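Below, all heavy atoms of this structure are taken into account, side chains as well, without hydrogens, waters or symmetry copies. The structure presented is a predicted model; accordingly, all values stated were derived computationally and were not measured.
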Amino acid sequence: MKWRLRIRGSTGDRYALPLALGLACGRMGCIAAGCCAGCVRASGDWWKAFALRCNDGAWRFPAPQTEVAFHLLSALLLTLALWRGWLPGRLLSVYLAAYALLRFLLEYVRGNPPVALGLTYYQYLALVLLTLALSAFWRHRPQPAH
């Protein structure tokens with residue numbers, strides 16, 4: 001569509017903030033529905049101090065709450081970056097790379113089963129997203145003046 005409308009510049013910065021807010025709302029829906037809960041707390045878990053009692057009565061890692069906090073903090077930082085003009089044309093890729101890293105790490109405490117090489121389906125998706133985001137970040141780097 002950009003080609004058809006003859007838009008030549010980067011448009012991703014316009015989508016980063018609404019995406020962060022939309023994903024925060026989506027994870028709030030997960031909390032309300034009781035889905036996407038993290039692993040049940042065990043006595044030796046490093047994260048047991050963060051555990052919350054979920055709808056099923058079990059103490060679990062607060063995976064959806066962690067994502068809500070991440071997306072809301074990202075929305076604040078994206079607002080500041082847009083206002084200050086930081087990283088023009090690269091904000092969406094920075095946000096998506098950060099989210100991919102968070103999601104990759106969160107999978108260790110979400111309780112999803114590994115599918116291959118000890119990684120979950122979502123960790124593989126996160127690696128793909130991270131690769132694409134870093135590629136976009138690199139493609140949109142400032143070019144030296146000639």
Which heavy-atom pair separates Leu17 from Ala75 by the least distance, and what is that distance? CD1-O, 3.4 Å
Residues which pass side chain to side chain contact (heavy atoms under 4.5 Å, CB included) with Cys39, listed by chain and number, not counting sequence neighbours: Trp47
Without swapping roles, check the side chain of Asp13 against the backbone of Pro88 for a donor-acceptor pair under 3.5 Å. no
Output all residues satisfying side-chain hydrogen bond (donor to acceptor under 3.5 Å, both in side chains) with Asn112, sequence neighbours left out; order by chain, then residue number. Glu107
State, yes or no, whether a side-chain contact exists between Leu117 and Gln123 at a heavy-atom distance under 4.5 Å. no
Val94 and Leu134: same hydrophobic cluster, using ILVMFWY side-chain contacts below 4.5 Å? no
Smallest separation among heavy atoms of Gly38 and Arg60, with atom names: O-NH1, 2.8 Å
In short, Pro113 meets Thr120 closest at the heavy-atom pair O-CG2, 3.7 Å
Closest heavy-atom contact between Pro62 and Ala51? CD-CA, 4.3 Å
Can you name the side chain to side chain contact (heavy atoms under 4.5 Å, CB included) partners of Leu73, sequence neighbours left out? Leu77
Hey, any chance Ile31 and Leu21 share a hydrophobic cluster, counting ILVMFWY side chains that come within less than 4.5 Å of each other, even indirectly? yes
Is it possible for you to say whether Phe137 and Tyr99 belong to one hydrophobic cluster, with membership spreading through side-chain heavy-atom contacts below 4.5 Å? yes
Hydrophobic side-chain clustering at under 4.5 Å (ILVMFWY, transitive links): who's grouped with Leu5? Put none if nobody. Met1, Ile7
Which ILVMFWY residues can you reach from Trp3 by hopping between side chains whose heavy atoms are under 4.5 Å apart? none
Kindly state each residue pair satisfying salt bridge (charged side-chain N to carboxylate O under 4.0 Å, His left out) with at least one member in residues 115-144, sequence neighbours excluded. none
Would you say the side chain of Arg103 lies within less than 4.5 Å of the side chain of Arg110, judging by non-hydrogen atoms? yes
Would you call Leu125 and Leu129 a side-chain contact if the rule is heavy atoms closer than 4.5 Å? no
Can you tell me which residue pairs pass the salt bridge (charged side-chain N to carboxylate O under 4.0 Å, His left out) test with a partner in residues 14-34, sequence neighbours excluded? Arg27-Glu67
Just wondering, more than 12 heavy atoms not from Tyr124 lying within 6.0 Å of its OH? yes
Distance, nearest 0.5 Å, that separates CZ of Phe61 from OG1 of Thr66: 4.0 Å
Only counting residues at least two apart or in another chain, list the ones meeting side chain to side chain contact (heavy atoms under 4.5 Å, CB included) with Ala98. Phe70
Give me the other members of the hydrophobic cluster that Trp86 sits in, counting Ile, Leu, Val, Met, Phe, Trp and Tyr linked by side-chain heavy atoms under 4.5 Å, directly or via other members. Leu80, Trp83
Can you name the closest pair of heavy atoms from Ala81 and Leu91 and give their distance? CB-CD2, 3.6 Å
Residues 84-97 vs salt bridge (charged side-chain N to carboxylate O under 4.0 Å, His left out), sequence neighbours excluded, gives none
Sequence neighbours excluded, the answer for ring-ring contact (aromatic ring centres under 6.0 Å, His included) partners of Phe104 is Tyr108
Examine Val109 and Phe50 and state if one hydrophobic cluster contains both, with Ile, Leu, Val, Met, Phe, Trp and Tyr joined whenever side-chain heavy atoms are less than 4.5 Å apart. yes
With a 4.5 Å limit on heavy-atom distance, are the side chains of Leu127 and Leu119 in contact? yes
Quick one: side chain to side chain contact (heavy atoms under 4.5 Å, CB included) partners of Leu19, sequence neighbours excluded? Leu23, Leu92, Tyr95, Leu96
For Ala37 against Cys54, the heavy-atom pair lying closest together: CB-SG, 4.3 Å
